[in-house]
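Note sheet for the following structure.
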Amino acid sequence: MAAQQPWTGIQVETSFFPLSFFLYLCTPTIVIDGVAHRRAWGTHSFQLPGGMHNVRIFFGYLFMSKCGDNAINVVVQPNCIHRIKFEMPPWMFSRGSIRELPPYIFAHQ
């Protein structure tokens, strides 16, 4: 039986301050290299080739079309899942916090 090959890409987690529960009514947009993906709050995986990728995250809120807008560049390595965490603070007019967490690395067999 052939072993399943690990995939390469990024895993994006979006979250917000717990008392801002009304943000459940907003849907974040994750833009990877100019391609927009609307996803619910939570963790989502995107398979990508190795190399530099730009990740931008924002959501619409009332009269603001890009609330929390922030971006990060990620260098995707082969056999790795790079993890990005976006957190929206309670102040709606600020940028969301975006950072890269340690990646999941798959050892060669």
Nearest 0.5 Å, what's the [atom1]-[atom2] distance between [X] and [Y]?
X   : Y   : atom1 : atom2 : answer
F17 : W91 : CZ    : CH2   : 14.0 Å
I84 : T14 : CD1   : OG1   : 12.5 Å
R56 : N73 : CZ    : CG    : 9.5 Å
R95 : F86 : CZ    : CZ    : 10.0 Å
E87 : N70 : CD    : CG    : 12.0 Å

Do you know which two heavy atoms are closest between [X] and [Y], and how far apart they sit?
X   : Y   : value
P89 : S94 : CG-OG, 3.2 Å
P28 : F59 : CA-CB, 3.8 Å
V74 : H82 : CG1-CB, 3.9 Å
L48 : V76 : O-CG1, 4.4 Å
S65 : F58 : O-CD1, 3.8 Å

Does [X] use its side chain to pair, donor to acceptor, with the backbone of [Y] at less than 3.5 Å?
X   : Y    : value
T29 : R38  : no
R83 : P102 : yes
T8  : N79  : yes

Can you find a heavy atom in the side chain of H53 that is under 4.5 Å from one in the side chain of I10?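 H53 vs I10: side chains apart.
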May I ask you to test the K85-S97 pair for a side-chain heavy-atom distance under 4.5 Å?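 Answer no - side chains too far apart.
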Any chain of hydrophobic side-chain contacts (each under 4.5 Å) joining [X] to [Y]?
X   : Y   : answer
W41 : I32 : yes
L62 : L23 : yes
F16 : L19 : no
L25 : I30 : no
F93 : I98 : yes

Using the ring of each side chain (for Trp, its six-membered ring), is H37 parallel, tilted or perpendicular to F46, with breaks at 30° and 60°?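 Taking F46 first and then H37, their aromatic rings sit tilted (interplane angle of 30° to 60°).
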Check the side chains of D33 and N54 for a donor-acceptor pair under 3.5 angstrom, ignoring hydrogens and angles.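 No donor-acceptor contact under 3.5 Å links the two side chains.
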Test side chain to side chain contact (heavy atoms under 4.5 Å, CB included) on S45 and W7 and set out the steps. CA-CA 10 Å; S45 299; W7 63 274; 3.5 Å; yes
